[in-house]
2 protein chains.
Amino acid sequence: MARPHQPILSRELIMTAALELVDKDGRFTVPELAHKLGVSVSSLYHHVGGRADIVEGIRGLLTRPLTEVAPADDWQEAVRRWANAYRDGFAAHPAAIPMLVSQTVSNPVTLAQYDRLAEILEDQAGLTGDDLLVAITMLDNLCLGAALDLAAPPEIWSADNRDTALTRALAAAPDPDRDRSRRAFERQLEVIIASLARQLVRD
Amino acid sequence: MARPHQPILSRELIMTAALELVDKDGRFTVPELAHKLGVSVSSLYHHVGGRADIVEGIRGLLTRPLTEVAPADDWQEAVRRWANAYRDGFAAHPAAIPMLVSQTVSNPVTLAQYDRLAEILEDQAGLTGDDLLVAITMLDNLCLGAALDLAAPPEIWSADNRDTALTRALAAAPDPDRDRSRRAFERQLEVIIASLARQLVRD
DNA sequence: ACCTGAACACCGTTCAAGT
DNA sequence: ACCTGAACACCGTTCAAGT
């Protein structure tokens, strides 16, 4: 075949196909991805730097909705919106999280969204230096953790043939209750915001 | 060489060597592990089921300290002790966390510790069914998140050559402030405990 | 510029052979 | 029972060859 007149691949196409594989199988492989795209493995390397680049692309896809979140005058409301959109992005593709956790964040879209959060906390709220970084880390962990628990409940702990308090609780639980998980997330988010607000008053 | 009179390998030896590699390099490979142990790759398979088994063994090593945590009459204190020991276990080996997150928990030592937590929350505190599982998940996420943020701060976000609110905050931050991270963890833990207590009063 | 096939180094796992 | 070397299927990456 060789070079077609119209390129059949693009970064966008590759990233979304990879994400689809992750959603379906919980993982993706470069050969699997090439097969899904009807292309030879080496073709991919004309568009992406390698596997890690594709993973970063997936991170970009998950954080893209954050771009459209409207700002708010109240810093607490701005943080709320940011955290909810961030969590939602990951919650929609929980299988991707382990991959993302094991790799440094370098995707520009994602970094830009962290910059936005940093600006909200610095310019609007008035946090500085170390406090600022701690706040970002807390919010980051909250969103990731909340999305992570959607990935798994029945699957996190192997339901072997024991009979214990844990296995009974697992059996009693319905499949991942997304609504309940969301409420737990929102409650913890309010707690963090309140704690930041208290900290600001003290200064 | 063939079979030695005294076995030179054991599960314990394999697991601890693997954990040392993870601490040193952030990852481990079966060949690397064999090399470190001065043994051929196939020898390992006489003692462990495979790579996933070794990862579960590492999980067991990290949760072993939990075995020695003394029980407490007060459920709130019991939960506090459990969560602190759990977090400390992971915080001592943060590089292992991505590996652990991507694999179902099947290690018996770890499962036994989750059973203990479930018993505390069920028998001592009085939580039931779904509430129980939600509480466990919240505590699990808290500990994992807290340990995760120790893994990284300067490394999570690629410090490229931009100048933004985020990069300035990163530059201002000292290396991972373990003490500050611990205080943030303990504050969030108290919040969860208080929220569980309030929930119990309501019933 | 963009696709291909062939090649390479590496990984996880299996298995027959040795004691 | 426990170590070994050889073999296998698979993965990520590179590169010269084609248009």
Side-chain angles (χ1 to χ4, degrees), chain A residues 1-59 95-96 98-104 106-107, chain B residues 1-59 95-96 98-104 106-107:
Chain A
M1 163 167 316
R3 171 160 125 84
H5 296 82
Q6 189 73 359
I8 63 186
L9 286 181
S10 71
R11 287 184 65 85
E12 182 75 16
L13 215 55
I14 292 171
M15 308 313 190
T16 56
L19 180 55
E20 281 170 27
L21 281 176
V22 170
D23 285 339
K24 185 161 65 75
D25 306 333
R27 38 176 232 103
F28 84 93
T29 252
V30 178
E32 281 168 3
L33 181 54
H35 177 78
K36 181 181 169 75
L37 290 164
V39 109
S40 99
V41 171
S42 46
S43 305
L44 299 172
Y45 287 83
H46 290 278
H47 300 267
V48 298
R51 195 183 195 283
D53 188 20
I54 299 174
V55 171
E56 280 310 291
I58 289 178
R59 198 194 303 276
M99 273 174 18
L100 300 176
V101 162
S102 35
Q103 196 168 288
T104 300
S106 72
N107 180 273
Chain B
M1 161 170 311
R3 172 159 126 86
H5 295 80
Q6 190 73 0
I8 62 186
L9 286 181
S10 71
R11 286 183 65 85
E12 182 76 16
L13 214 57
I14 291 170
M15 307 313 189
T16 55
L19 180 54
E20 282 169 28
L21 281 176
V22 171
D23 285 340
K24 186 161 64 72
D25 306 332
R27 39 175 232 104
F28 84 94
T29 253
V30 177
E32 281 167 3
L33 180 54
H35 178 79
K36 181 181 168 75
L37 289 163
V39 106
S40 97
V41 170
S42 46
S43 306
L44 299 172
Y45 287 82
H46 291 279
H47 300 267
V48 298
R51 193 180 196 283
D53 189 21
I54 299 175
V55 170
E56 279 310 291
I58 290 179
R59 199 196 300 278
M99 272 174 19
L100 300 175
V101 162
S102 37
Q103 196 167 288
T104 300
S106 71
N107 181 272

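The sequence lines fix the lettering, A, B, ..., with proteins before strands; numbering per chain opens at 1. Note that the structure is a prediction, hence the values are computed from the model and not measured.
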Handout entry: Among dC3(D), dG12(D), dC3(C), the one nearest L9(B) by side-chain distance
Key = dC3(D)
Fill in the blank from the handout: The Watson-Crick or G-U wobble partner of dC11(C), with both key distances under 3.5 Å, is none
Completion exercise
Ranking dG12(C), dC3(D), dT13(D) by distance to the side chain of V30(B), first place goes to dG12(C)
Handout entry: Any donor-acceptor N or O pair under 3.5 Å, side chains S42(A), S40(A)
Key = yes
Fill in the blank from the handout: Atom CG of L33(A) and atom P of dG12(D) are separated, to the nearest Å, by 10 Å
Practice task
Going by the side chain to side chain contact (heavy atoms under 4.5 Å, CB included) test, name the single residue among L9(A), L13(A), V39(A) that passes it with H47(A).
Solution key: L9(A)
Practice task
Identify which nucleotide among dC11(C), dC2(D), dC11(D) has an atom closest to any side-chain atom of T29(B), counting heavy atoms from C-beta outward.
Solution key: dC11(C)
Handout entry: dA16(D) - base-pair partner by Watson-Crick or wobble geometry, distances under 3.5 Å
Key = dT4(C)
Problem - DNA chain D: 5'-proximal contact among H46(B) and E32(A) (nearest heavy atom) - result: H46(B)
Handout entry: Distance in angstrom units between H35(B) NE2 and dC3(D) C1', rounded
Key = 18 Å
Problem - Gap between atoms CZ and P, on R51(A) and dC11(C) respectively (whole Å) - result: 15 Å
Exercise for the section: Check the distance between dC11(C)'s P and D25(B)'s CG and give it to me in whole angstrom. Expected result: 12 Å
Problem - Distance test, side-chain N/O of S43(A) to OP1/OP2 of dT4(C), below 4.0 Å - result: yes
Practice task
Check whether any side-chain N or O of R59(B) sits under 3.5 Å from a backbone N or O of L100(B) as a donor-acceptor pair, and report yes or no.
Solution key: yes
Practice task
Could you walk me through whether E20(A) and F28(A) pass the side chain to side chain contact (heavy atoms under 4.5 Å, CB included) test, one step at a time?
Solution key: CA-CA 9 Å; E20(A) 281 170 27; F28(A) 84 93; over 6 Å; no
Exercise for the section: Can you tell me the distance, in whole Å, between the CE atom of M99(B) and the P atom of dC11(C)? Expected result: 15 Å
Problem - Sub-4.5 Å side-chain heavy-atom contact between I54(B) and M15(B) - result: yes
Handout entry: Under-3.5 Å donor-acceptor pair between S42(A) side chain and dG5(C) base
Key = yes
Problem - Any H47(A) side-chain N or O less than 4.0 Å from OP1/OP2 of dC3(C) - result: yes
Exercise for the section: Could you tell me the separation between the CD1 atom of I8(B) and the C1' atom of dC3(D), rounded to a whole number of Å? Expected result: 7 Å
Problem - Nucleotide nearest P31(A) when distance is taken to its side chain, options dC11(D), dG12(C), dT13(D) - result: dC11(D)
Completion exercise
Here the distance between atom P of dC2(D) and atom CG of L37(B), to the nearest Å, is 15 Å
Exercise for the section: Nearest whole angstrom, please: distance from the P of dC2(D) to the CG of L44(B). Expected result: 13 Å
Exercise for the section: Looking at every strand, decide which applies to V39(A) at a 4.0 Å heavy-atom threshold: base, sugar-phosphate, or nothing. Expected result: sugar-phosphate
